[in-house]
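Keep in mind the model is a prediction, meaning the values are calculated, not measured.
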Amino acid sequence: MADNARAKKLADLIQEVVAEKLQRGIKDPRLGTHVTITDTRVTGDLREATVFYTVYGDDEERASAAAGLESAKGILRSAVGSAAGTKFTPTLAFVADALPENAKAIEDLLDRARASDAKVREASSGAAYAGGADPYRKPEDEDEADDDGDTASA
């Protein structure tokens, strides 16, 4: 079993080689400049590599890019094998990265929170405190407490 540093180094190499090959070596029009390699992960035994990618465009372009990557898998694996120089070239699995969709969902939630905060700020702009500016009870001065009716002791 390889150590994590070696797996990370191989993952970085695979990411670089696949991105370079997609940009310059593969003439498939389905891939073009729309595909971006975002991350690569290699298993501990260096046998399997998962390549995460994003596609700029609509669902049709994403589907065609996925088909293009599957058809180019052999060429990409041989390019990785020649660049890595390892005894066994890892198999490549391409997975569409969910990062853009997650980021969009988080942005939508933040926009909703900002709008809700603006509504609360607007509603409270002319409001007064319910119990006065300082709603907490405070003990009255000692002089006022003695003057209220404690005269029987004199």
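By the 6.0 Å contact criterion, CD on E16 is open, its count of non-hydrogen atoms from other residues, nucleotides or ligands being 12 or less.
Contact between A7 and T43 at its shortest, heavy atoms only, is CB-O, 4.2 Å. Scanning all heavy atoms of the two residues, the minimum distance from V35 to A65 falls at CG2-CB, 3.9 Å. The shortest non-hydrogen separation linking L69 to F94 is O-CE1, 3.9 Å. Closest non-hydrogen pair, S71 versus G68, comes out as OG-O, 2.9 Å.
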Problem set entry | Worked check of side chain to side chain contact (heavy atoms under 4.5 Å, CB included) between T40 and T50 | CA-CA 6 Å; T40 305; T50 305; over 6 Å; no
Problem set entry | Test side chain to side chain contact (heavy atoms under 4.5 Å, CB included) applied to V18 and V80, step by step | CA-CA 7 Å; V18 169; V80 167; 4.0 Å; yes
For this session: For the pair L46 and T86, evaluate side chain to side chain contact (heavy atoms under 4.5 Å, CB included) and give the outcome as yes or no after the intermediate values.
Result: CA-CA 10 Å; L46 305 179; T86 58; 5.9 Å; no
For this session: Verify salt bridge (charged side-chain N to carboxylate O under 4.0 Å, His left out) between K9 and D12, making sure each step is shown before the conclusion.
Result: CA-CA 5 Å; K9 194 173 190 181; D12 291 342; over 6 Å; no
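Formation of a donor-acceptor pair under 3.5 Å by the R77 side chain with backbone atoms of P90 is found in this model. In this structure a side-chain-to-backbone donor-acceptor pair under 3.5 Å is present from S124 to V120. At distances below 3.5 Å, at least one donor-acceptor pair connects side-chain atoms of T38 with backbone N or O atoms of F52.
One finds the CG atom of L109 at 11.0 Å from the CZ atom of R114 (value rounded to the nearest 0.5 Å). The line from CD of Q15 to CG of D39 is 6.0 Å long, rounded to the nearest 0.5 Å. In this structure, the separation between CG on L13 and NZ on K8 is 12.0 Å, given to the nearest 0.5 Å. Atom OG1 in T36 sits 10.0 Å away from atom CD in Q23 (nearest 0.5 Å). To the nearest 0.5 Å, atom CG of residue L92 and atom CD of residue E48 are 10.5 Å apart. Put simply, NZ on K21 and CD1 on I37 are 14.0 Å apart, with the number rounded to the nearest 0.5 Å.
Between E107 and K104, no side-chain nitrogen of the basic residue sits less than 4.0 Å from a carboxylate oxygen of the acidic one, so the salt-bridge criterion is not met. Taking 4.0 Å as the cut-off between side-chain N and carboxylate O, D117 and K119 do not count as a salt-bridged pair.
A heavy-atom distance below 4.5 Å is not found between the side chains of V17 and E20.
No hydrogens or angles considered: nothing links the side chains of D97 and T54 as a donor-acceptor pair under 3.5 Å.
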